[in-house]
K.L.:
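Can you read through this structure? Questions will come right after.
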Amino acid sequence: MLGNFTYHNPTKLIFGKDAMEALAAELAAYGPTVQLVYGGGSIKRNGIYDQVVAALAAAGKTVVEDAGVMPNPTVEKLYEGVAIARENHVDLILAVGGGSCIDYAKGLAVSANLPADVDPWQKYWVDFDEPAADLDVIPVGSVLTMVGTGSEMNCGSVITNHEAKMKVGHVFADERVFPRFAVLNPEFTYSLPTYQMVAGIFDIMNHITEQYFSGTDDNTSDYLSEGLMRSLVVASRAAVANPEDYEARSNIMWCATWALNTLVACGKSTDWEVHMLGQAVGAHTDATHGMTLAAVALPYYRLVMPYGVEKFARFATNVWGVSPEGRTTEELAAAGLDAMEAWMREIGCVMSISELGATEDMIEAIADSTLVMQGGYHVLTRDEIIQVLHASL
């Protein structure tokens with residue numbers, strides 16, 4: 001392995017069918033007022049809300065509700081939540097939901113106690129500043145109900161500004177932004193619509209490939225990534241066939257967490273250009289995050305494949321089981337992407353940005369919203385960004 005790195009992850013994971021039994025005890029470590037963050041109310045229909053509220057009551061907490069977190073949390077919602085946190089002097093933010101809720105909670109955690117004249121959007125998602133050492137960062141905990149982002153065990157927070165046509169993820173360097181604990185019960189994902197489940201599955205896959213398709217050394221992180229991807233493919237097929245297959249859903253949940261808790265990034269330069277393309281599409285269409293990634297991934301990888309052909313060939317063999325016999329390295333690499341495409345279609349991924357609401361006349365503006373990353377096999381020019389977006393239509 002090349003490079004130097006420090007790996008530290010302070011999040012405590014509580015996993016399994018009985019995970020909720022530990023929530024009240026975890027809550028006891030924090031102050032009396034909890035800001036309860038959740039989305040559109042599905043947790044009330046499926047009974048998860050009642051379980052969380054019972055745990056909060058058992059821990060003697062005062063609960064301040066902050067509902068209505070949207071799939072792509074907006075800067076306006078962030079400001080609303082900051083006002084709630086400030087008014088109530090909250091001691092813990094408890095996010096119950098998927099990555100959007102947890103991303104939003106982390107955004108609140110670093111924003112609520114900023115000076116009144118500091119705009120959190122500008123500070124954290126435009127200037128990419130870190131929280132000051134003396135800032136009171138509010139602790140975050142989570143109860144996971146949708147898997148994909150890995151937000152339950154990382155420092156990332158993605159916020160959308162529709163006015164600016166920007167959807168920006170800030171991966172904070174400050175360990176105080178990590179959730180302190182995460183409750184992971186795979187059964188909580190059963191009621192998720194198939195479309196959302198599949199979007200989460202591809203989000204997981206792309207988190208891994210963003211890190212895998214970088215570097216040329218013999219890296220342990222790549223072997224770990226290949227195992228995660230193989231597990232995800234097997235589990236995804238089982239979960240699509242039977243959404244209440246506990247083994248499949250538990251493996252998907254565990255893959256999601258390890259795909260983006262920085263472990264498989266160790267020793268890697270990492271790419272993230274698919275995420276930049278997908279997030280730009282999302283900023284203009286407000287489409288589901290995982291599906292924006294699915295729609296742009298293959299055109300991007302086919303464009304950059306010649307620059308990292310050996311790794312793409314390894315991907316074909318070690319992840320998809322494509323035989324190298326009778327194939328050139330280039331043919332093997334292309335066959336691996338063909339195998340990924342077949343799997344994506346099989347499980348129901350969106351394969352074009354036009355299905356998400358993007359149109360030909362939006363391409364230039366989407367390209368203008370796309371950040372260019374440096375860590376992959378090839379740094380895109382603006383013309384190449386437009387080429388990828390046209391191929392994604």
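These numbers come from a predicted model, not from an experiment.
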K.L.:
Does K17 make a cation-pi contact with Y246, if we ask for NZ or CZ under 6.0 Å from the ring centre and within 45° of the axis?
P.N.:
yes
K.L.:
For F315 and F213, take the angle between the two ring planes, folded into 0 to 90°, and tell me which bin it lands in: parallel under 30, tilted 30 to 60, perpendicular over 60.
P.N.:
perpendicular
K.L.:
Under the criterion salt bridge (charged side-chain N to carboxylate O under 4.0 Å, His left out), I'd like the reasoning laid out for E341 against R345: C-alpha separation, chi angles, the key distance, then a yes or no.
P.N.:
CA-CA 6 Å; E341 179 178 357; R345 293 185 183 279; 3.0 Å; yes
K.L.:
Tell me whether the NZ or CZ atom of K12 lies within the 45° cone about the ring axis of F181 and under 6.0 Å from its centre.
P.N.:
no
K.L.:
Between E273 and M276, is any pair of side-chain heavy atoms under 4.5 Å apart?
P.N.:
yes
K.L.:
Which pair of non-hydrogen atoms, one from H207 and one from T149, has the smallest distance, and what is that distance?
P.N.:
CE1-O, 3.3 Å
K.L.:
On a heavy-atom basis, which atom in W125 and which in P120 lie closest, and how many Å separate them?
P.N.:
CE3-O, 3.3 Å
K.L.:
Considering all heavy atoms of both residues, which atom of V37 and which atom of I93 are nearest to each other, and what is their separation?
P.N.:
CG2-CG2, 3.7 Å
K.L.:
Just so I know, are the side chains of S191 and R45 near enough to count as touching, which here means a heavy-atom distance under 4.5 Å?
P.N.:
no
K.L.:
Check whether any side-chain heavy atom of H289 lies under 4.5 Å from a side-chain heavy atom of P71, and answer yes or no.
P.N.:
no
K.L.:
In terms of heavy-atom contacts, does NZ of K123 have more than 12 from other residues, nucleotides or ligands at under 6.0 Å?
P.N.:
yes
K.L.:
Let me know which of V64, V34, V63 forms a side chain to side chain contact (heavy atoms under 4.5 Å, CB included) with N88.
P.N.:
V64
K.L.:
Just to verify, which of K77, Q279, K167 counts as forming a side chain to side chain donor-acceptor pair (under 3.5 Å) with N72?
P.N.:
K167
K.L.:
Salt bridge (charged side-chain N to carboxylate O under 4.0 Å, His left out): which pairs involve residues 364-389, sequence neighbours left out?
P.N.:
E364-R382, D368-R382
K.L.:
Please work out which of the three classes, parallel, tilted or perpendicular, describes the rings of F172 and Y124, given edges at 30° and 60°.
P.N.:
perpendicular
K.L.:
Shortest non-hydrogen contact from G290 to F202?
P.N.:
O-CD2, 3.8 Å
K.L.:
Would a 4.5 Å heavy-atom cut-off, applied to side chains only, mark Y190 and N46 as touching?
P.N.:
no
K.L.:
Around atom CD of E330, are there more than 12 heavy atoms from other residues, nucleotides or ligands closer than 6.0 Å?
P.N.:
yes
K.L.:
What residues, two or more places apart in sequence or in another chain, satisfy ring-ring contact (aromatic ring centres under 6.0 Å, His included) together with Y79?
P.N.:
none
K.L.:
Does Y223 have R314 sitting over its ring (NZ/CZ under 6.0 Å from centre, angle to axis within 45°)?
P.N.:
yes
K.L.:
Linking I/L/V/M/F/W/Y whenever any side-chain heavy atoms sit under 4.5 Å apart, do I363 and M166 land together?
P.N.:
no
